[in-house]
Amino acid sequence: SATYENVLVEQRGRVGVVTLNRPKALNALNSALMKDLNEALRAFDKDDSVGAIVVTGSEKAFAAGADIKEMKDLEFVQCYKNNFLADWTGITSIRKPIIAAVNGFALGGGCEVAMMCDLIYAGDKAKFGQPEIKLGTIPGAGGTQRLTSLVGKAKAMDMILTGDMITAQEAEKAGLVARIYPAEKLVDEAVKSATVIASYSLPSVQMAKEAVNKSLELSLSEGLHLERRLFQATFATKDQKEGMKAFAEKRAANFTHE
Ligand code: CO8
């Protein structure tokens, strides 16, 4: 597979693992890193031998936000003309499921990148925050929108207006994080879950991901309509036939992702 300057990529079975790797700056997200991350994710998305993806950082930091030193002198017209941050959300167009395995700091853009993934698992010492207000700015890549859908207005407003961090335990209670593991076990556990997900029918996994993510955008009736159509569509796959036949025959299903 390709090599990148700011992320490490490896494949473990059917799981693609992308590790943010700018240790000197606590994985601060600059344009070079975001380009590498998006390219690495797109490569795994296209690769038939990959069924699920894990994105992680270091034990100290998932990512301490956008690179403040890179952005501090930007001017409005320049930001506007280049639509600054628009191409940083490429993660949300990846169609395979992505687990963010968050150890250490997930701040600002780091928290936003984690929220662009489908699922967040946290190490027990992880810290989440949207501290942009302390820098004289506001979240710019989904903090005010995704965080509010995930944890509700009270918690989101509190985090965004005070800039205070929350712990992994608080994040789990609030619904931002699905599971907590001891920091040193986190990545292996995330890969284990991703391996289970990747063993299922890929088209169904993708439809499930699509339907759940759309629930944050659609009205209930539109969401239910989409869900029913996607559910019906699974009956056109070989894997649905295999999955249900295997159940009736009391054996394990052998999915071919078709
Ligand atoms: N940008 C640039 N450099 C950073 C950043 C950052 N966000 N965070 C840390 N670094 C650098 C430090 O400058 C330091 O570099 P050096 O050794 O050259 O001085 C190195 O990383 C280590 O950091 P610290 O010495 O500060 O480490 P500490 O353990 O003392 O503190 C903290 C860790 C608390 C995480 C602290 O570094 C911190 O507060 N960082 C900034 C956090 C922050 O404000 N993040 C929000 C940034 S704004 C943002 O994200 C806008 C969102 C835009 C959307 C992004 C879309 C994906």
Side-chain angles (χ1 to χ4, degrees), residues 4-7 18-42 53 55-76 78-94 98-120 122-151 156-168 170-171 176 183 213:
Y4 305 89
E5 210 178 306
N6 301 286
V7 304
V18 183
T19 304
L20 309 182
N21 187 37
R22 263 192 93 202
K24 275 178 300 200
L26 299 181
N27 291 332
L29 310 165
N30 59 11
S31 10
L33 186 151
M34 290 310 291
K35 185 163 176 282
D36 288 353
L37 173 60
N38 282 322
E39 276 175 23
L41 290 174
R42 270 198 298 270
I53 301 167
V55 174
T56 193
S58 69
E59 278 208 19
K60 175 122 207 254
F62 178 76
D67 190 315
I68 299 166
K69 295 164 193 170
E70 185 188 69
M71 95 189 133
K72 68 181 175 37
D73 297 321
L74 283 179
E75 295 292 344
F76 168 74
Q78 195 184 351
C79 284
Y80 184 80
K81 284 206 291 198
N82 304 325
N83 207 0
F84 179 49
L85 294 184
D87 56 351
W88 287 31
T89 59
I91 301 166
T92 61
S93 60
I94 300 298
I98 308 178
I99 302 177
V102 175
N103 268 325
F105 296 110
L107 301 179
C111 187
E112 292 172 315
V113 163
M115 291 189 292
M116 288 176 210
C117 298
D118 301 300
L119 187 52
I120 305 179
D124 52 3
K125 294 182 199 73
K127 290 256 165 79
F128 296 83
Q130 297 288 164
E132 289 88 344
I133 200 76
K134 297 183 184 178
L135 300 167
T137 184
I138 73 166
T144 67
Q145 305 300 301
R146 286 193 188 95
L147 185 64
T148 309
S149 331
L150 298 179
V151 305
M157 195 65 98
D158 197 16
M159 288 171 71
I160 290 164
L161 293 185
T162 66
D164 287 347
M165 295 184 226
I166 61 169
T167 62
E170 290 171 304
L176 177 59
N213 285 335

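On a predicted model such as this, the values are computed, not experimentally measured, just so you know. Each ligand, and each atom within it, is numbered from 1 in the order the structure gives.
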Any sub-3.5 Å donor-acceptor pair from Asp67's side-chain atoms to Lys69's backbone N or O?
yes
Distance check, rounded to the nearest 0.5 Å: Lys134 atom NZ versus Thr162 atom OG1?
7.5 Å
Approximate separation, where rounding is to 0.5 Å, of Glu170 CD and Thr167 OG1
3.5 Å
Tell me whether Gln130 contacts the main-chain N or O of Ile160 through its side chain, where contact means a donor paired with an acceptor under 3.5 Å.
no
Point-to-point distance, once rounded to the nearest 0.5 Å, from CE of Met34 to CG of Leu85
8.5 Å
Check side chain to side chain donor-acceptor pair (under 3.5 Å) between Thr144 and all other residues, then give those that pass, not counting sequence neighbours.
none
I need the contact residues for ligand 1: any residue with a non-hydrogen atom closer than 4.0 Å to the ligand, ordered by chain then number.
Lys24, Ala25, Leu26, Ala28, Leu29, Lys60, Ala64, Gly65, Ala66, Asp67, Ile68, Lys69, Met71, Leu85, Trp88, Phe105, Leu107, Gly108, Gly109, Glu112, Val113, Pro131, Glu132, Leu135, Ala141
